Enquirer: 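Have a look at the structure that comes next, please.
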Amino acid sequence: MKRIEIASPAKINWFLHVGPQRDDGFHEIETIFQEIDLSDHISVEPAPEVSLVCSAPDVPADERNLAWRAWSLAHGLWRVPPVRIVIEKRIPAGGGLGGGSSNAATVLKALVRLFELDVTHEELAGAALELGSDVPFFLLGGCAYGRGRGEQLEGLDGSPRWPLLLIFPGVPVSTPAAFRHLAGLRASGVLGIEDFRGREMARRVLTSRDPRELNQLRNDLERSAFELAPEVAAAARAAMQAGAPMVRMSGSGSTIWAAFTGVQDRDRALLELQASYHAVAASPVSR
Ligand code: C5P
């Protein structure tokens, strides 16, 4: 029987606005997700029993893994047979790049193709959201404006062209911990809740030639991550000192991205940062 080989890409958030906490415990968010050209590689094939092999030693290769949970959910919903999943990891875990979420969405897509499942996009998106807030975005890819938990998605044509650098501070940040810390800062009056800016304003910023325009938008989880892991704040400072015009954290961290107007400036900063950090060049990917 056939085997599906498929790339499982990472994302960054160009900005991430966090609104009030809802009754279900999740926070209302506003963001623009951006697929980037850093990917894990996944293969899925039918097998006598379900199994998972993952190349990263710090990622659990069992039912705690979102890729395994994607199979379990599809098995329960659509009776898909057991599969062997192999994940070649390149996206760091706990990095705010959506690696686990992307793996889950990619496994769902692979199962649909492998077993020619007769499911609607809505059913697939519903299953994706059960697996995690960022999973529905990876069914879509490219550049998308997201509201709700991030599942109310609107694909945006084209993507900004700014050459990117990703800087990995070497420590993970837990997403629930980052949201909890922000809720604490707000409850004690240290931080307020700022307004969402709307899709049109965000789109205007993203079509600008100058990445510094993104300073009009924010990542509301930055302060939490910086306080929980000072290494993240240090990586952001290092990127600014290396001349990056626009520096921001992705998702709930810990990855810091920097955007440049040209490849030469980006490559100069990359060389400088690589002396003290694990840093890589990346580019936005359009649908
Ligand atoms: O959906 P996901 O599994 O990524 O969420 C992990 C945790 O992050 C949630 O359990 C919640 O504590 C927090 N979170 C949140 N609001 C969101 C997304 C995540 O509070 N919109």
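Both counts, for ligands and for their atoms, begin at 1 and track the order of listing. Because the structure is predicted, anything quoted here is derived from the model rather than measured.
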Enquirer: Does the ring centre of Trp162 sit less than 6.0 Å away from the ring centre of Trp257?
Expert: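 When the ring centroids of Trp257 and Trp162 are compared, they turn out to be at least 6.0 Å apart.
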Enquirer: Could you verify whether a donor N or O on one side chain and an acceptor N or O on the other, from Glu88 and His41, lie under 3.5 Å apart?
Expert: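 Note: Glu88 and His41 side chains miss the donor-acceptor criterion.
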Enquirer: Please report the interatomic distance OG(Ser208) to CZ(Arg203), rounded to the nearest 0.5 Å.
Expert: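 Interatomic distance, Ser208 OG to Arg203 CZ, rounded to 0.5 Å: 14.5 Å.
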Enquirer: Just to confirm my output: which protein heavy-atom neighbour is closest to atom 9 (C) of ligand 1, and how far is it?
Expert: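 Result: Phe26 CE2, 3.7 Å.
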Enquirer: Among all protein heavy atoms in this structure, tell me which lies nearest to atom 13 (C) of ligand 1, with the distance rounded to 0.1 Å.
Expert: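 The protein heavy atom lying closest is Phe179 CD1, 3.5 Å.
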Enquirer: Looking only at protein heavy atoms, identify the closest one to atom 4 (O) of ligand 1 and say how far it is in Å.
Expert: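 Answer, as residue, atom name and distance: Ser133 N, 3.9 Å.
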Enquirer: If you have a sec, work out which protein heavy atom is nearest atom 3 (O) of ligand 1 and how many Å separate them, to one decimal?
Expert: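 Looking at atom 3 (O) of ligand 1, the protein heavy atom closest to it is Gly132 CA, 4.1 Å.
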Enquirer: Tell me, which protein residue and heavy-atom name are nearest atom 8 (O) of ligand 1, and how many Å apart are they?
Expert: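 For atom 8 (O) of ligand 1, the nearest protein heavy atom is Thr175 CG2, 3.4 Å.
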Enquirer: Could you check whether Asn13 and Asn219, counting side-chain N and O atoms only, form a donor-acceptor pair closer than 3.5 Å?
Expert: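 The criterion, which ignores hydrogens and geometry beyond distance, is not satisfied for Asn13 and Asn219.
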Enquirer: Determine whether any heavy atom of Asp134 lies closer than 4.0 Å to an atom of ligand 1.
Expert: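 Distance cut 4.0 Å: Asp134 fails for ligand 1.
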Enquirer: Heavy-atom contact under 4.0 Å between Gly25 and ligand 1?
Expert: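 Under 4.0 Å: yes for Gly25.
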Enquirer: Could you verify whether a donor N or O on one side chain and an acceptor N or O on the other, from Glu63 and Trp68, lie under 3.5 Å apart?
Expert: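 Side chains of Glu63 and Trp68: no pair found under 3.5 Å.
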Enquirer: Distance to 0.1 Å, residue and atom name: give those for the protein heavy atom nearest to atom 20 (O) of ligand 1.
Expert: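 Of every protein heavy atom, His27 ND1, 2.8 Å lies nearest to atom 20 (O) of ligand 1.
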Enquirer: Output the list of atoms in ligand 1 that are nearer than 4.0 Å to some heavy atom of Ile29, sorted by atom number.
Expert: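 That gives atoms 21 (N) of ligand 1.
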Enquirer: Compute both the distance and the angle, then confirm whether Arg266 meets the cation-pi test with Phe260: under 6.0 Å from the six-membered ring centre, within 45 degrees of the axis.
Expert: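 Judged by the rule (NZ or CZ under 6.0 Å from the ring centre, within 45° of its axis), Arg266 is not positioned above Phe260.
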Enquirer: Could you check atom 7 (C) of ligand 1 against the protein and tell me its nearest heavy-atom contact, residue, atom and distance included?
Expert: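 Protein heavy atom with the smallest distance to atom 7 (C) of ligand 1: Pro176 CG, 3.9 Å.
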Enquirer: Just by distance, with hydrogens left out, do Glu227 and His181 show a side-chain donor and acceptor under 3.5 Å apart?
Expert: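 Short answer, yes.
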